[in-house]
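What you see is a predicted model; the values in this text were computed from it and never measured. Scope of the values below: all heavy atoms of this structure, side chains included, with no hydrogens, waters or symmetry mates. Residue indices begin at 1 and follow the sequence shown.
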Amino acid sequence: MSKDDSILVLTTREKSWWWSMQEVIPAIERVWTGIGQFSRENIRMLCVPLAPEDEQCIQTSAPQLKRIIITAVTPGTVRAALFLRLQMKVSAPMIIYIFGDSTEGFHAFGDLPNVLMERDMFVVSCEAEAVATHCSFPNARVSVIPIPLVDQFKVNGGGRDTAHKTARLAYVGRVSEQKNLHTLLFALWILRTSYGRVPRFTLDVYGGEDNLGSPNMGLKYPNYGAYLQGLAESLGVAHMVTWHGFKPRDWLFDNVHLEPHIFVSPTLHSDENFGSSVLASLVNGHQAVTTAWGGHFGFQEWFPQQLILVPVHRSTMGPVVHPVLLANAVLRAINRMSTVIVKDTTLHRARAEFSESTVAMRTFHMLSRADVEPAPLEKSPTQRYIDERRDLFGGARKIYTDYEDPVAQIFFEAYGMKEPLTFEERSPYVLPPWASYSDHVLRISDPHRGHQSFSLDARISEPLDVTTCPSMNTCRLPESLVKSLVAQGYAFSLYLGRS
């Protein structure tokens with residue numbers, strides 16, 4: 001490391017298990033390499049864990065450091081950052097990239113927050129992550145810069161085929177409870193049973209199980225992939241759904257992103273801070289239906305003719321996607337698929353926004369932001385509470401009691417949870433397929449948010465008829481219970497959002 005190096009980039013391969021990070025971190029590295037090429041900044045990049053000779057070079061050159069960049073927070077980069085701040089007494093501002101760390105209570109940061117200063121900078125990929133970060137560190141400096149992935153994408157060079165008899169829906173991503181694929185299958189059942197005549201469509205699912213569940217809540221549903229396949233069978237949609245498992249990115253471009261399809265993502269994942277697969281379909285001119293959640297909001301500005309955002313509702317048990325609204329959005333996308341042609345100039349402008357050259361310039365301009373006084377970065381009461389809860393739960397990733405935890409709602413709101421679900425008079429209601437009623441007991445076995453049951457009296461006052469799924473049978477429940485189920489996100493109006 002030369003004595004003239006002014007910016008030290010600490011990068012890592014410790015997150016290679018996270019599929020997206022295999023693309024994201026190298027893209028960030030190329031941004032900083034590019035800054036070094038077109039500016040006067042002297043940049044040195046080191047990958048942790050540091051070799052002994054690299055540590056020695058850092059010690060020699062520490063006084064010349066102007067900035068320290070951390071491409072991802074991992075045990076290795078945290079150790080290196082603490083070494084610089086505590087042992088080497090390096091006061092140079094840090095620029096730290098975060099990817100869903102805020103909704104996890106900055107679990108991966110370890111002791112790093114204790115040495116952060118207000119002059120340090122967090123770089124996030126979406127506004128939702130910025131809001132969530134300020135929930136933990138109100139005085140933090142946060143810069144929103146998209147992840148520059150388009151340069152590595154394959155993109156269509158010519159016209160896009162819109163002639164098709166069967167619409168192809170495609171989901172690309174992890175098969176995880178928080179990705180909410182069970183609600184997508186429920187929505188497809190609603191389309192087939194409640195919408196009358198609809199265009200023909202299929203669903204292709206690309207991705208493997210992550211077996212993580214909801215670690216922030218300590219919840220996990222066993223064999224979620226097998227559950228989904230069984231659910232598709234019981235809903236009568238198995239013939240429309242193909243489970244492809246994990247596929248490499250090049251294969252996905254050749255067989256999905258470059259081919260006619262509608263991208264669908266019903267996700268409610270706690271760290272859905274960007275969406276590289278959504279972007280891969282959007283930059284190729286395809287329609288997409290996603291939740292209005294996390295990083296998806298930022299795509300609306302650049303792909304308004306293609307992206308349909310499904311609202312995320314507030315419930316007493318956290319965020320919920322109304323399956324009827326999801327079904328309605330899928331139908332709209334199918335109808336738009338053959339009628340909306342995006343101009344090449346529009347696509348070129350959108351692609352440029354997520355290119356390495358554009359992001360490098362935005363990052364370079366970020367470096368010129370005025371410095372602030374080196375005051376310690378204070379944690380919010382919310383973050384201090386989370387730290388206490390983490391200690392209570394034994395230092396594990398669990399930081400919330402469950403999806404009803406009031407502190408969790410703060411971050412759900414930051415990520416996009418909006419209007420509450422409300423009871424509609426005279427509306428027919430349907431229970432989701434993870435609800436069952438027998439022997440005067442209503443049981444909820446939600447693969448995402450957990451289990452509960454309600455015992456009912458044989459004589460029901462003020463009964464209300466609700467439809468069960470998939471049997472289409474009617475059961476009579478107390479109106480007060482139906483209202484409670486609506487508020488929790490376990491009973492849905494079949495009239496809501498219908499067009």
Side-chain angles (χ1 to χ4, degrees), residues 165-169 171 180-203 205 228-241 262 264-266 268 287 289-292 308-313 315 320-338 419-437 442 444-448 463-477 479 481-483 485-499:
K165 294 182 179 179
T166 301
R168 176 194 183 195
L169 310 179
Y171 168 82
N180 203 26
L181 292 173
H182 50 287
T183 297
L184 176 59
L185 296 177
F186 185 22
L188 299 188
W189 177 84
I190 291 172
L191 270 178
R192 296 187 71 243
T193 59
S194 302
Y195 274 64
R197 189 175 181 84
V198 298
R200 289 189 296 177
F201 60 88
T202 60
L203 171 63
V205 178
L228 290 175
Q229 295 186 40
L231 179 61
E233 288 281 356
S234 68
L235 294 175
V237 300
H239 65 288
M240 303 161 50
V241 183
I262 299 168
V264 290
S265 176
L268 293 172
Q287 292 293 311
V289 174
T290 74
T291 42
I308 298 174
L309 293 176
V310 181
V312 175
H313 286 280
S315 83
V320 171
V321 176
H322 198 299
V324 173
L325 293 182
L326 179 56
N328 197 45
V330 169
L331 185 58
R332 284 176 57 203
I334 292 173
N335 292 333
R336 291 203 319 191
M337 192 176 182
S338 59
E419 298 301 319
L421 290 165
T422 57
F423 180 76
E424 302 286 337
E425 297 284 351
R426 302 186 185 87
S427 174
Y429 276 89
V430 63
L431 301 179
W434 39 94
S436 61
Y437 180 64
L442 178 68
I444 308 290
S445 298
D446 184 349
H448 181 195
L464 197 66
D465 291 338
V466 297
T467 301
T468 59
C469 169
S471 69
M472 299 291 285
N473 294 331
T474 297
C475 68
R476 310 201 84 186
L477 300 177
E479 183 177 290
L481 175 58
V482 176
K483 288 181 177 179
L485 293 172
V486 169
Q488 290 184 359
Y490 290 128
F492 300 98
S493 167
L494 285 170
Y495 286 168
L496 185 65
R498 294 289 294 274
S499 59

| side-chain contact (heavy atoms from CB on, under 4.5 Å) between T290 and V310, worked out | CA-CA 6 Å; T290 74; V310 181; over 6 Å; no
Check: E419 main-chain N/O paired with H313 side-chain donor or acceptor under 3.5 Å = yes
Closest non-hydrogen contact found for L309 with T291 is CD2-O, 3.7 Å
Here the gap from S471 atom OG to Y437 atom OH, rounded to the nearest 0.5 Å, amounts to 13.5 Å
query: So do the side chains of Y195 and V324 get within less than 4.5 Å of each other, counting heavy atoms only?
result: yes
Between P323 and A187, the two heavy atoms sitting closest are O-CB, 3.5 Å
Exercise for review: Tell me, with the steps shown, if T468 and T474 meet side-chain contact (heavy atoms from CB on, under 4.5 Å).
Suggested key: CA-CA 6 Å; T468 59; T474 297; over 6 Å; no
Between L268 and V312 the two heavy atoms that sit nearest each other are CD2-CG1, 3.7 Å
Any non-hydrogen side-chain atom of L431 less than 4.5 Å from a side-chain atom of I444? no
Value for CZ (R332) from CG (L325), rounded to nearest 0.5 Å, stands at 10.5 Å
d(L421 CG, L485 CG) to nearest 0.5 Å is 11.5 Å
If you define the side chain from C-beta out and look only at heavy atoms, does anything of L185 sit under 4.5 Å from L228? yes
Checklist entry - Got R192 and I190 here, is their nearest side-chain heavy-atom distance under 4.5 Å? => result no
(Q) Is the ring pair Y429/F423 parallel, tilted or perpendicular, if the boundaries are 30 and 60 degrees? (A) parallel
Closest non-hydrogen contact found for I308 with A333 is CD1-N, 3.7 Å
Closest heavy-atom pair, P470 versus L235, reported as atoms and distance to 0.1 Å, is CB-CD2, 3.9 Å
inquiry  = When you compare the side chain of P428 with that of T467, does any pair of heavy atoms fall below 4.5 Å?
reply    = no
field: Any R476 side-chain heavy atom under 4.5 Å of L464 side chain
entry: no
Test side-chain contact (heavy atoms from CB on, under 4.5 Å) on Y495 and E424; report intermediate values, then the result. CA-CA 9 Å; Y495 286 168; E424 302 286 337; over 6 Å; no
Value for CG (L184) from CG (L169), rounded to nearest 0.5 Å, stands at 7.5 Å
For residues 485-495, the salt bridge (Lys or Arg N to Asp or Glu O under 4.0 Å) pairs (sequence neighbours left out) are none
Side-chain contact test, heavy atoms from C-beta onward, threshold under 4.5 Å: evaluate it for V466 versus V430 and give yes or no. no
How about L494 and S427: do any of their side-chain heavy atoms sit closer than 4.5 Å?
no
task = For this output row, return yes or no: ring centroids of Y490 and W434 closer than 6.0 angstrom.
result = no
So CD of Q488 and CG of D446: to nearest 0.5 Å the spacing works out to 10.0 Å
All heavy atoms of C469 vs all of F186, minimum pair found to be SG-CE1, 3.8 Å
CZ of R336 to CD of Q287, rounded to nearest 0.5 Å, is 4.5 Å
Step-by-step side-chain contact (heavy atoms from CB on, under 4.5 Å) determination, I262 to F201 = CA-CA 10 Å; I262 299 168; F201 60 88; over 6 Å; no
